[in-house]
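Here is the structure we will look at.
These numbers come from the heavy atoms of this one structure, side chains and all, not from hydrogens, waters or symmetry mates.
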Amino acid sequence: MHYARHLARLREAHPALVIELMVADWRDVESSEALDLWLRVDEQAGARRLGEVPRLLVAAPTYLEGRGSPGSPADLSHHDCLTYGYAAQPAGWTIDGGTVRPRTWLRSNSSEAIHRAAVGGLGIALLPRLQVEDDLMTGRLVPLLKDADIPAIPIFVGTAAPAERLPIRVKVVLDFLADYFPVSRERA
């Protein structure tokens, strides 16, 4: 959803291109012959790694005023955490090479719901940087544990047609996405 607002550059370069953008925030979406291409955060047969998106821990200043900031990953067990996931038993957050079990009071399969809850001061969330960039710039959210090593989210792209038979419209969009999701981005 985030990159949709950056489509002006693609539109300017290719004004005849028509895009139908379908967004789903769950893993069970199967590829369809009706789709020219799809992006996923988990690897699927035939998909190739497009790039990655850094993640960071964030919270609203209003949450931190009453609770303080965690000084280490272990401190997350004493904070209200907002987690994104599907499984009955969430796997936890990987931080500094270990698994942290945050004290979750709200879990959702919608990263946007978690994002909005964090902005609303309801707790600490682990979210993709591109999803929270505007909030960081305006101060609605602040980064936590800035020096922590948090694995980036890999982004995979799949196409309905094999690479040698891709329509030009798909190649144009793939080039745009390759620029948007570089394999390595600087951490903030």
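To the nearest 0.5 Å, atom CG of residue D75 and atom CZ of residue R67 are 11.0 Å apart. The distance from atom CZ of R48 to atom CG of L50, rounded to the nearest 0.5 Å, is 6.0 Å. Taking CG from L57 and OG from S69, the interatomic distance works out to 11.0 Å, rounded to the nearest 0.5 Å.
The heavy-atom pair separating P128 from I153 by the smallest distance is CG-CD1, 3.8 Å. Across L145 and P70, no two heavy atoms sit closer than the pair CD2-O, 3.4 Å. In this structure, I114 and A125 approach most closely via the heavy-atom pair CG2-CB, 3.7 Å. Contact detail for Y84 and N109: the closest heavy-atom pair is CE1-O, 3.4 Å. Residues G92 and T99 come closest through the heavy atom pair CA-CG2, 4.2 Å. Here the shortest heavy-atom pairing between V132 and L127 reads CG1-CD1, 3.8 Å.
Note on L37 and I168: same hydrophobic cluster, where clusters join Ile, Leu, Val, Met, Phe, Trp and Tyr whose side-chain heavy atoms are under 4.5 Å apart, directly or indirectly.
Residue R103 places its CZ atom among more than 12 non-hydrogen atoms of other residues, nucleotides or ligands, all under 6.0 Å distant.
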**OP:** Would you check, one step at a time, whether the test side-chain contact (heavy atoms from CB on, under 4.5 Å) holds for L122 with R116?
**Re:** CA-CA 9 Å; L122 300 179; R116 289 178 190 226; over 6 Å; no
Original post:
Does the side-chain contact (heavy atoms from CB on, under 4.5 Å) test come out yes or no for L17 and V172, once each step is laid out?
Top reply: CA-CA 9 Å; L17 184 65; V172 164; 4.2 Å; yes
**OP:** Please test I155 against L177 for side-chain contact (heavy atoms from CB on, under 4.5 Å), starting from the C-alpha separation and ending with a verdict.
**Re:** CA-CA 10 Å; I155 304 293; L177 292 172; over 6 Å; no
**OP:** Evaluate the criterion side-chain contact (heavy atoms from CB on, under 4.5 Å) for residue pair W93 and T83; output intermediate values, then yes/no.
**Re:** CA-CA 9 Å; W93 292 340; T83 59; 3.5 Å; yes
